[in-house]
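Here the structure is a predicted model, which is why all the values come from computation and not from measurement. Here is how names work: the chains are called A, B, and so on, in the same order as the sequence lines, proteins then strands, and each is numbered from 1. Reckoned from all heavy atoms, side chains included, excluding hydrogens, waters and symmetry mates.
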Protein chains: 2
Amino acid sequence: MLEAKLSEAALLKRLLDAVKELVTDANFDCNEEGIQLQAMDNSHVALVAVKLEAVGFKRFRCDRPIPLGVNLTSLTKVLKCAKDDDICTLKAGDDADILSLTYEAKNSDRIAEYEMKLMDIDADQLGIPDTDYDASVTMPSAEFGRIVRDLSLLGESVRIEVSKEGIRFVSDGEAANGNILLKQSADASSGKKKKGSSSKRRGGGDDDDDEPDEPEEEEGADASDGEGGKRKIKKEKVKKEENGEDVEMDGADEDEEGEGEFKPTKGEDDEEGEDEDEEGSSKKRKRNSGKSKPAKKAKKEDADDDDDDDFDGVRIEMNQAVTLTFSLKYLVNFSKSSSLSKKVQLMMSNDVPLLVSYAFNQGFIRYYLAPKIGDD
Amino acid sequence: MLEAKLSEAALLKRLLDAVKELVTDANFDCNEEGIQLQAMDNSHVALVAVKLEAVGFKRFRCDRPIPLGVNLTSLTKVLKCAKDDDICTLKAGDDADILSLTYEAKNSDRIAEYEMKLMDIDADQLGIPDTDYDASVTMPSAEFGRIVRDLSLLGESVRIEVSKEGIRFVSDGEAANGNILLKQSADASSGKKKKGSSSKRRGGGDDDDDEPDEPEEEEGADASDGEGGKRKIKKEKVKKEENGEDVEMDGADEDEEGEGEFKPTKGEDDEEGEDEDEEGSSKKRKRNSGKSKPAKKAKKEDADDDDDDDFDGVRIEMNQAVTLTFSLKYLVNFSKSSSLSKKVQLMMSNDVPLLVSYAFNQGFIRYYLAPKIGDD
DNA sequence: CCTGAGATGA
DNA sequence: TCATCTCAGG
């Protein structure tokens, strides 16, 4: 039995906007931690991972883990029936054959209820290997979107070069070549670039959601994933959840690129598994106090960004220069998630999939994209 | 070696918006005076002439005349990659095989550089014959755009009738007929409506005739082009550059219309008698105007209009009534240049191509459109 | 509140 | 590929 009440239907709508282009059907894995979705696109070049923290819901209850097999096209249609500021409640029984969505106007004078059929989706519960990235770039999401859209006019792919100088996007097209350099903002360092040990992100561990609704965010729960995406760059290590079998992402054009893909963390099925390691303790969300600051001190309804850091420049943290080439088509699609956060974080290492991460109050959406091997 | 720095990329973007629909490839002729483009559309019904004065650039250097053969579709794509307020620098070597465009954010934290291949375009450097028009109408460009867009919903062509009463746009369509009358604004005359015998257009030799009517706007050359578009209506003379061989514009539908192309109006100057006086003097501002005054008292960045005259009504100056019919498709396209100037000037003589002129701080864009002969 | 751009559907 | 509708920005 799942029951999750979201204060803004807009959040779901925005999440789906980008995901539905990538995958047509996916499991929404619900458990006491919240709702997660992981799926690879049909060509196995890109992977998307979404997490909605239990604590971010106005109300959240999930008696036991349930995968909800959803056709994203249908869900998109149903979500179109919601107004952006409707309070949206998701409900599903333990048999998970029907997902009920209730939209309630803020003023309660309107209640709409939709039910959609669920399906069984073979759970390729992909584990996403932990990766320590060589370079992390945080920049305004609108700017990232603008750049990839611009370059997509000229060519098929973009070479992204991260160096101390800044981040450069280069595209060679038939008619014209283009290259855009974003210099690291002067005061970027001021932000919070704590690298270091902390950089590894821990899985979910969060709360026992007793008081889910109320965010006593203090505790790590939310903090863990929530912030995973943003503030602490992972100088040294970045880890993703490692449950799931290994993901094998094909190379953009060739598969040999394979090695680049996420290396494995075994242990699939338990999606919660992620936190086992350092996070194991996570449950005791307390520890992290590091960011005791409550989940972003209360969610801002506009969902722009999650983090308290409102620096809007370009911040680069890197161990070494990285240059990789990616398909612009995918990046343009990822950038549709810009409405979820004012900032986006790009994490790169040579021969490893790019991680494009948008963090928002209640969770995150992350995209992984295998590099093109030819580097052309 | 060309190097031209424009303070607002928006200017180029707007110029291209309209031109690219008319022509796919064109030479940007660069010389010490600035950058000019002249091209006829594929059907030879319309001609477009653009001039960007050297003085209007933030920086301009052109060692020797170079024609840059540009594919406008490619250039449009590249320009889409610029933000409107980017500082845009054009560069080309003497071999003119590559055009480099650099976009620099006002805050300099972003630098984008694009290079596009140039091509050799057989220079049909068209000379545009000088014409003295029988009627000149200056009106808000937004209004003109609105009218032609509206009428294009009803029919294919519009009959434009200019008389003392005002200017009337008439369209007969299958489903409906429409006609819009714009009366001359009450105080329009205040502007400058000089008429005069001078109204006859003359072919090339213009300028020196200072005495003829008033308008010896100094020698035709510069004056004509630079400010020709706006303030002084060309009752008497409008001169365009007369280099190049003469343009031969085909009739809109038939070619026999050929003679219709810029030929002179025989000077029926009857009605003008009224005000030539005041204007005569106006012309006097002679030569200085050419470009002595820095592009219109310093460029206003918003590029709305160029002239010092901020009268926003309809002003008509004419020697005789004129009625001509034009293809709305072209006029609608021309009106895309409305963003370049708050005003547009229409110049007409019977059986001669219509001149639609938008003047802005740094230059102008002019369109010539052959009338439909049937007058239907 | 209006205008322009982007996305979606025919 | 073009036109219509929706969303975002000024």
Side-chain angles (χ1 to χ4, degrees), chain A residues 8-24 71-86 140-154 300-305 312 328-344 358 360, chain B residues 8-18 20-22 24 73 76-86 103 105-107 110 140-150 152-154 156 300-305 312 328-329 332-333 335-342:
Chain A
E8 302 268 343
L11 177 62
L12 273 181
K13 297 172 79 164
R14 289 171 178 160
L15 280 172
L16 265 287
D17 270 345
V19 177
K20 71 170 197 290
E21 300 295 324
L22 224 45
V23 212
T24 60
N71 174 283
L72 299 183
T73 308
S74 301
L75 180 55
T76 299
K77 286 180 184 169
V78 173
L79 285 172
K80 283 205 177 165
C81 303
K83 293 183 61 181
D84 277 2
D85 59 351
D86 280 351
S141 56
E143 182 130 52
F144 176 67
R146 175 71 202 255
I147 289 169
V148 296
R149 263 184 286 110
D150 281 354
L151 293 183
S152 71
L153 294 175
L154 304 182
K300 317 99 132 348
E301 52 298 320
D302 67 342
D304 31 27
D305 76 292
D312 69 347
L328 280 164
K329 182 182 72 177
Y330 286 96
L331 296 180
V332 168
N333 185 36
F334 299 167
S335 74
K336 288 180 183 167
S337 294
S338 293
S339 56
L340 290 163
S341 175
K342 283 190 297 200
K343 296 214 297 283
V344 62
Y358 295 87
F360 48 90
Chain B
E8 303 268 344
L11 176 62
L12 273 181
K13 298 173 79 163
R14 290 170 178 161
L15 280 172
L16 265 288
D17 269 345
K20 70 169 198 290
E21 301 294 326
L22 223 46
T24 59
T73 307
T76 299
K77 285 181 185 172
V78 173
L79 285 172
K80 282 203 178 166
C81 302
K83 293 183 64 177
D84 277 3
D85 58 351
D86 279 350
Y103 307 139
K106 289 281 195 240
N107 30 305
R110 175 174 182 272
S141 56
E143 181 131 51
F144 175 67
R146 176 70 201 256
I147 289 169
V148 296
R149 263 183 286 113
D150 283 354
S152 70
L153 296 176
L154 305 181
E156 299 282 300
K300 313 97 131 353
E301 52 300 317
D302 69 341
D304 33 26
D305 77 292
D312 69 347
L328 278 165
K329 182 181 71 176
V332 167
N333 185 37
S335 74
K336 289 181 182 167
S337 295
S338 293
S339 56
L340 289 163
S341 174
K342 284 190 298 201

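Atom NZ in A/K336 sits roughly 14 Å away from atom P in D/dC7 (whole-Å rounding). One can place NZ of B/K80 at 9 Å from C1' of C/dA5, the figure rounded to the nearest angstrom. Counting to the nearest Å, the C1' atom of C/dT8 and the CG atom of A/N333 are 14 Å from each other. Distance A/K342 NZ to D/dA8 P: 16 Å, rounded to the nearest Å. B/E8 places its CD atom 14 Å from the P atom of D/dG10, with the value rounded to the nearest Å. Between the C1' atom of D/dT6 and the CZ atom of A/R14 lies a distance of 14 Å, rounded to the nearest Å. In this entry the distance linking CG of A/L16 with P of D/dC7 reads 15 Å, nearest Å. Put simply, CD on A/E21 is 6 Å from P on C/dT8, counting in whole angstrom units.
One finds the OG atom of B/S141 at 15.0 Å from the NZ atom of B/K336 (value rounded to the nearest 0.5 Å). Rounded to the nearest 0.5 Å, atoms CG (A/L15) and CZ (A/F360) are 4.5 Å apart. Separation of atoms OG1 (A/T76) and NZ (A/K13) is listed at 10.5 Å; rounding is to 0.5 Å.
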*Test side chain to side chain contact (heavy atoms under 4.5 Å, CB included) applied to A/Y330 and A/V148, step by step*: CA-CA 9 Å; A/Y330 286 96; A/V148 296; over 6 Å; no
